[in-house]
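Single-structure report; data block below.
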Amino acid sequence: MRVAIVGFGFSAEKSHVPVYRDRSDINLTAAVDPVTARRAAALRQYPNIRVYETFSDLLEEYSDEIDIIDICLPNALHLENIKQALLANKHVLCEKPLVLNKNEYNELVHIANEQKRILYPCHNYKFAPSIVHAAYLIKSGEIGKPLFASFNIFGAGFQRGVPHWQPDWRKDKALAGGGIMSDHGLDAISVAQTLFGGSPQRISAHTRSLNEADSQLEDLAIFCLDWEEKLINISLSSIGSIPKAYYRIQGTEGEISIENNDVFLSVQNKPVQHIFVPTYFDDPGHANWFNGLIDNLLDCINTKNTEPFPLMEAGLVLDIIEKANSSSYNGGVWMGLEFIPKSLQLVS
Ligand SMILES: NC(=O)c1ccc[n+]([C@@H]2O[C@H](COP(=O)([O-])OP(=O)(O)OC[C@H]3O[C@@H](n4cnc5c(N)ncnc54)[C@H](O)[C@@H]3O)[C@@H](O)[C@H]2O)c1
């Protein structure tokens, strides 16, 4: 498959390109970026690719040489570029969050179906090795019936983009679209979906903006999801100094806890089992998770599956974020969720 990257910044360089380089089934043929230094960075790694200042230039000159457009742009630029790619008859891989609201999402799902193209958001936490392993343990019945989970994700400020463009675009609501809910919140919901399958019925949330950014994007969120007879409690903050993520899942017969590369399985009357699963949550590029995601994207393309599960999950996440804001505004009241995903299942 021939791929062109649109937006050659941090995520393209540190997460996508290292994986494309090692795969024989992906051929990177072009990159688009308005910034000279970023086009130069692309050429340093791939001297033989075409580089363009605008996506329209690429489509005009080189469209026949591309099967997949890989969009690694700041969030608010996803919608228009995805539309352009789908209408040019390309499959689309797009960094997360896919879009900023449910109207944009519905419009894109409609266009992808009309064009019979695959639209695949990069929900890479579904492919994080320790999460996949914990999902396997739950599915195998190791902890009995799951009852409760608690996720704590502590970030250290807004992540910065490459210095050559607008490194602080995540503090600008017009470009970022949202704060921690659409960043670590999306990932935590994706982890819950991978561990438990299905989808939640309601949410109660409290969000706060403690940062000094003018846009007052939320950087603290505590929410509870009522998820098919389980309660999932998620605490997110980006106001700390050291990034850390902890996941604990309690079942009727045992418990799983995940801290970075260490998975601990505690089952009644047995010694705690420690399983080392190299995952590296603290590496923001997460390049080692990207291979599984690309395998799944190519599988969706080959089987003409126009409802890849990360696309269904993206709709669920947008519904959860919208209801989290309403719940928090109303003092944490429970809000029902409306998005009924057709095909949300465990990653096998
Ligand atoms: N999956 C993950 O774990 C992960 C990690 C980091 C970032 N992301 C996501 O990746 C996306 C990009 O984030 P980033 O950190 O790489 O940002 P970045 O600022 O490092 O890179 C953005 C790039 O886009 C370029 N650009 C700006 N306008 C453009 C346009 N109109 N056409 C083409 N290129 C344009 C900029 O010059 C820059 O090189 C975001 O959606 C972010 O949420 C995901």
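Count residues from 1 along the sequence. Quick note: numbers below take in every heavy atom, side chains included, and nothing from hydrogens, waters or symmetry partners. In listed order, ligands and their atoms are each counted from 1.
The closest approach between a heavy atom of H78 and any atom of ligand 1 is below 4.0 Å. At least one heavy atom of P34 sits closer than 4.0 Å to an atom of ligand 1. Taking 4.0 Å as the cut-off, R170 counts as a neighbour of ligand 1 on heavy-atom distance. A heavy-atom separation below 4.0 Å is not found between F55 and ligand 1.
Salt bridge status for K102 with E338: present, with a side-chain N to carboxylate O gap under 4.0 Å. Under the 4.0 Å criterion applied to side-chain N and carboxylate O atoms, R39 and D33 are not assigned as salt-bridge partners. Salt bridge E61/R50: present, at least one basic N to carboxylate O contact under 4.0 Å. We find that K171 and D219 are not joined by a salt bridge, their nearest charged nitrogen and carboxylate oxygen being 4.0 Å or further apart. The pair D187-K96 meets the salt-bridge criterion, with a side-chain N (NZ, NE, NH1 or NH2) lying under 4.0 Å from an Asp/Glu carboxylate O. Ionic pairing of D168 and R160 is present here: one or more N-O contacts between side-chain nitrogen and carboxylate oxygen are shorter than 4.0 angstrom.
Proximity to F10 (heavy-atom distance under 4.0 Å) selects the following atoms of ligand 1: 15 (O), 16 (O), 18 (P), 20 (O), 21 (O). The ligand atoms of ligand 1 that sit less than 4.0 angstrom from a heavy atom of F8 are 39 (O). Within ligand 1, the atoms closer than 4.0 Å to a non-hydrogen atom of H286 are 3 (O), numbered from 1 in the order shown. Residue contact check: G161 has heavy atoms under 4.0 Å from atoms 18 (P), 19 (O), 20 (O) of ligand 1. Near L77, meaning under 4.0 Å from any of its heavy atoms, are these atoms of ligand 1: 28 (N).
Distance from atom 5 (C) of ligand 1 to its nearest protein heavy atom, with residue and atom name: P284 O, 3.8 Å. In terms of protein heavy-atom proximity, atom 30 (C) of ligand 1 is closest to L73 CD2, 3.7 Å. Counting protein heavy atoms only, atom 43 (O) of ligand 1 is closest to K96 O, 2.8 Å. Closest to atom 27 (C) of ligand 1 among all protein heavy atoms lies W165 CE2, 3.3 Å. Here the heavy atom of the protein found nearest to atom 22 (C) of ligand 1 is P74 CD, 3.8 Å. The protein heavy atom nearest to atom 24 (O) of ligand 1 is G7 CA, 3.6 Å. In terms of protein heavy-atom proximity, atom 12 (C) of ligand 1 is closest to C72 O, 3.4 Å. Of all protein heavy atoms, the one lying nearest to atom 19 (O) of ligand 1 is W169 NE1, 2.9 Å.
Side-chain contact between L225 and N233 is absent, with no heavy atoms from C-beta onward closer than 4.5 Å.
When only interatomic distances are considered, the shortest N/O to N/O separation between E95 and ligand 1 falls below 3.5 Å. Checking only distances, Q159 never comes within under 3.5 Å of ligand 1, N or O to N or O. At a 3.5 angstrom cut-off on N or O pairs, V35 does not count as close to ligand 1. Ligand 1 has a nitrogen or oxygen under 3.5 angstrom from a nitrogen or oxygen of N75.
Aromatic ring pairs are classed by plane angle as parallel below 30°, tilted from 30° to 60° and perpendicular above 60°; the pair Y20 and H16 is perpendicular. F154 and Y246 have perpendicular rings, their planes meeting at more than 60° on a 0 to 90° scale where under 30° would count as parallel. Relative ring orientation between Y125 and H286 is described as perpendicular, the plane-to-plane angle rising above 60° on a 0-90° scale split at 30° and 60°.
Taking CZ of R117 as the start and CD1 of I82 as the end, the distance is 15.5 Å to the nearest 0.5 Å.
More than 12 heavy atoms of other shown residues, nucleotides or ligands fall within 6.0 angstrom of atom CZ in F264. A 6.0 Å sphere centred on OH of Y136 holds no more than 12 heavy atoms belonging to other residues, nucleotides or ligands.
If you check the side chains of K90 and Q115, you find no donor sitting under 3.5 Å from an acceptor.
Under 4.0 angstrom from ligand 1, the non-hydrogen atoms of S11 come from both its backbone and its side chain.
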> Where do N296 and Y120 land on the side-chain contact (heavy atoms from CB on, under 4.5 Å) test, with the steps shown first?
Replying inline: CA-CA 9 Å; N296 191 249; Y120 195 104; 2.7 Å; yes

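Checking A37, G9, A42 against atom 21 (O) of ligand 1, the nearest heavy atom belongs to G9. The heavy atom nearest to atom 38 (C) of ligand 1, considering only D33, V32, V6, is found in D33. When the heavy-atom distances from atom 2 (C) of ligand 1 to N124, D187, T54 are ranked, the shortest goes to N124.
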